[in-house]
Amino acid sequence: MRTATLGPAQRAESLAAMAERELDVLVVGAGVVGAGTALDAVTRGLSTGLVEARDWASGTSSRSSKLIHGGLRYLEMLDFALVREALKERGLLLERLAPHLVKPVPFLYPLQHKGWERLYAGSGVALYDAMSMARGHGRGLPMHRHLSRSHALRVAPALKKDALVGALQYYDAQMDDARFVATLVRTAAAYGARVANRARVTSFIREGERVVGARVQDVEAGGEYDIRAKQIVNATGVWTDDTQSMVGERGQFHVRASKGIHLVVPKDRIHSTSGLILRTEKSVLFVIPWGRHWIIGTTDTDWDLDKAHPAASSADIDYLLEHVNSVLSVPLTRDDVEGVYAGLRPLLAGESDATSKLSREHTVAHPVPGLVVVAGGKYTTYRVMAKDAVDEAVHGLDLRVADSVTEETPLLGAEGYQALWNARARIAERTGLHVVRVEHLLNRYGSLAEEVLELVAEDPSLGRPLQAADDYLRAEVVYAASHEGARHLDDVLTRRTRISIETFDRGTRSAREAAELMAPVLGWDKDQVEREVQHYEKRVEAERESQRQPDDLTADAARLGAPDIAPK
């Protein structure tokens with residue numbers, strides 16, 4: 001199948017096309033659920049549009065723990081249905097839908113009590129593996145194993161000897177969440193969906209009781225579009241209640257935001273060949289392998305301040321450092337922290353005041369004719385949420401519509417990935433790149449890596465790494481703007497790459513080089529390059545300042561000190 005190029009021209013064409021003819025389905029919000037919904041709808045043969053106020057995955061879907069997992073802790077809550085569903089989705093993603101993006105990751109669970117804890121925790125992990133295998137989607141991961149203390153310390157020498165009496169090791173999976181969403185969007189576009197980021201819904205269009213469209217503001221070029229659709233799906237995550245209020249109706253459910261923060265530290269700060277999962281008094285703490293880094297997270301606290309830029313406070317950072325240091329023989333300090341990011345979980349509000357107790361299951365509703373709302377859930381089960389949302393929208397269409405086919409529809413880059421992986425040494429020889437660079441590209445783009453390599457063939461200077469972020473090639477910055485819909489420097493440094501959390505300078509030393517690479521693609525002059533760089537530097541400084549503040553209120557105020565997007 002052809003791939004979709006999401007450059008400036010394609011964005012303008014998509015907006016114009018959406019306004020020209022009534023769609024079957026318009027999806028609002030391009031996080032993982034919205035992008036998945038657009039893919040589900042378009043692959044059923046429905047004319048589909050997708051609009052996003054900011055960038056793909058700019059909210060929750062780029063700020064997760066980056067895990068594709070069954071939810072081991074939900075077994076303890078006896079939520080077997082959720083775990084079973086998530087394990088099936090994990091298997092589909094690993095084996096069929098996105099093997100280039102979703103990879104196995106090992107976790108070590110230290111045991112602190114002799115006898116009963118090994119039996120209790122071991123039974124849970126054994127059930128987890130058995131449920132995965134029973135669904136027929138567990139073949140891609142090794143089974144769990146029991147380790148003695150000495151064996152566990154060989155796997156993870158960073159652990160204090162007195163922090164464990166033994167351990168369990170099991171496997172889950174991980175991905176780059178923002179890259180996964182961008183690939184979902186491009187896959188939907190390749191099947192014919194019209195997609196546009198930086199396109200904000202300002203109101204819904206109604207005829208009587210029915211919602212028949214949305215008024216969309218082009219945040220980039222100015223102007224407004226009236227986009228009409230037979231059904232609109234509101235997939236705006238933590239903004240669900242705000243979007244819902246545009247129709248003037250009381251929602252059938254409410255979404256509460258729970259803040260989770262993560263720290264990124266260099267790989268050499270924690271000596272281990274496995275990720276770690278630790279119990280805390282409130283939830284669990286993960287130490288997750290992430291390339292040449294570790295991700296440590298997460299917190300779980302109520303948040304009712306700015307949803308676009310949730311801020312990590314000094315207290316949040318101290319909480320994570322204190323808990324991870326309780327088991328490390330060489331403690332981490334603030335100086336070890338390369339990056340910090342905060343995200344908001346969209347939880348369905350229940351009777352409990354504690355966000356950690358609220359449901360991770362999802363709900364789909366049809367509050368008024370023409371408008372479907374989908375909310376809740378967890379990243380791993382996005383495809384099921386999308387299917388359920390389109391099923392609900394289909395009830396309002398006077399059409400015979402095919403069943404969902406996304407269980408059998410690989411994402412762009414999956415087809416041919418394994419063959420290219422097997423040929424990676426030959427590709428390295430052909431392109432002059434080190435084989436490690438080729439592996440990096442294949443694990444970020446799959447078979448679409450050939451498109452990135454074509455840029456290098458045309459301009460060999462793009463085969464060099466960025467000077468201050470040498471994990472990434474210069475070609476990846478150009479590709480982000482020309483093919484992946486990146487419109488601003490922030491989109492590239494924060495989401496198309498992870499330079500903003502993987503370098504101690506938070507990407508400021510890469511900002512000018514990246515902006516100058518983007519400029520020819522996006523038609524920027526020198527003044528716009530300067531504005532983009534200055535905006536990014538202000539954003540980083542505002543984030544650093546927020547992380548010095550003692551609590552949420554002061555951290556939020558500090559983070560809001562930087563404007564949202566570069567002015568023109």
Side-chain angles (χ1 to χ4, degrees), residues 31-41 43-44 61 64-107 123-144 170-177 180-181 183-184 187-188 235 277 286 345-346 348 359-364 374-392 402-411 413-415 417-418:
V32 71
V33 176
T37 300
L39 177 59
D40 190 286
T43 52
R44 296 194 199 197
S61 294
S64 73
S65 297
K66 316 204 183 325
L67 293 177
I68 294 292
H69 63 124
L72 183 58
R73 70 189 180 103
Y74 298 115
L75 279 182
E76 197 169 33
M77 301 176 187
L78 305 181
D79 199 342
F80 298 112
L82 179 62
V83 175
R84 189 179 298 112
E85 180 179 83
L87 285 172
K88 175 189 174 182
E89 295 303 312
R90 184 190 73 177
L92 285 171
L93 289 164
L94 276 166
E95 297 166 21
R96 182 187 303 164
L97 304 183
H100 55 312
L101 300 176
V102 180
K103 304 294 181 181
V105 60
F107 284 103
S123 298
V125 176
L127 178 59
Y128 194 63
D129 280 349
M131 290 173 70
S132 174
M133 294 299 291
R135 302 295 294 184
H137 292 292
R139 295 182 299 277
L141 295 176
M143 300 293 283
H144 77 282
Y170 74 99
Y171 280 76
D172 257 318
Q174 71 175 162
M175 46 70 226
D176 182 329
D177 48 8
F180 189 92
V181 174
T183 306
L184 265 179
T187 306
I277 176 172
F286 286 102
R345 303 175 191 86
L348 297 178
S359 175
R360 296 311 303 273
E361 298 207 28
H362 67 275
T363 295
V364 177
V374 55
K378 57 202 293 283
Y379 201 111
T380 304
T381 57
Y382 82 89
R383 194 194 63 80
V384 179
M385 295 174 68
K387 172 186 174 296
D388 290 350
V390 178
D391 283 346
E392 185 65 33
D403 292 336
S404 175
V405 296
T406 53
E407 191 171 322
E408 306 287 340
T409 306
L411 303 193
E415 187 177 345
Y417 160 71
Q418 193 59 56

My understanding is that only residues two or more places apart in sequence, or in another chain, count here; which of them pass side-chain contact (heavy atoms from CB on, under 4.5 Å) with [X]?
X    : value
I277 : F107, Y109, Y170, V284, F286
A414 : P99, H100, P410
A38  : V27, T48, L50, A188
A375 : T240, F253, V255, L348

Residues in side-chain hydrogen bond (donor to acceptor under 3.5 Å, both in side chains) contact with [X], at least two apart in sequence or another chain:
X    : value
Y128 : D172
Q174 : none
Y417 : K103, N443
T43  : none

Is a side-chain N or O of D129 found less than 3.5 angstrom from the main chain of H144, in a donor-acceptor match?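 Between the backbone of H144 and the side chain of D129 there is a qualifying donor-acceptor contact (under 3.5 Å).
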ask   = Would you say the side-chain atoms of K387 pair up with the backbone N or O of E407, donor to acceptor, closer than 3.5 Å?
value =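 Such a contact is absent between K387 side chain and E407 backbone.
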What's the separation between atom [atom1] in [X] and atom [atom2] in [Y], rounded to the nearest 0.5 Å?
X    : Y    : atom1 : atom2 : value
E89  : K378 : CD    : NZ    : 10.0 Å
L411 : F180 : CG    : CZ    : 5.0 Å
R383 : D388 : CZ    : CG    : 9.5 Å
L92  : I68  : CG    : CD1   : 11.5 Å
R90  : L67  : CZ    : CG    : 11.0 Å
L39  : L184 : CG    : CG    : 6.0 Å

Where is the tightest heavy-atom contact between [X] and [Y], given as atom of each residue plus distance?
X    : Y    : result
P104 : Y171 : CB-CD2, 4.4 Å
L93  : T380 : CD1-O, 4.4 Å
V83  : G71  : CG2-O, 3.5 Å
S404 : D40  : OG-OD2, 2.7 Å

| request: For a side chain to side chain contact (heavy atoms under 4.5 Å, CB included) with L87, tell me which candidate from M131, H69, M133 qualifies. | output: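 With L87 as partner, side chain to side chain contact (heavy atoms under 4.5 Å, CB included) holds for just one option, M131.
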[X] vs [Y] side-chain heavy atoms within contact, under 4.5 Å:
X    : Y    : result
D391 : R44  : yes
V181 : Y379 : yes
V390 : T37  : yes

With side-chain contact (heavy atoms from CB on, under 4.5 Å) as the criterion, how do V384 and H362 come out once you've worked through the C-alpha distance, each side chain's angles and the decisive distance to 0.1 Å?
CA-CA 9 Å; V384 179; H362 67 275; 4.1 Å; yes
Item checked: D177: salt bridge (charged side-chain N to carboxylate O under 4.0 Å, His left out) partners, not counting sequence neighbours ->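 Expected list: K66, R498.
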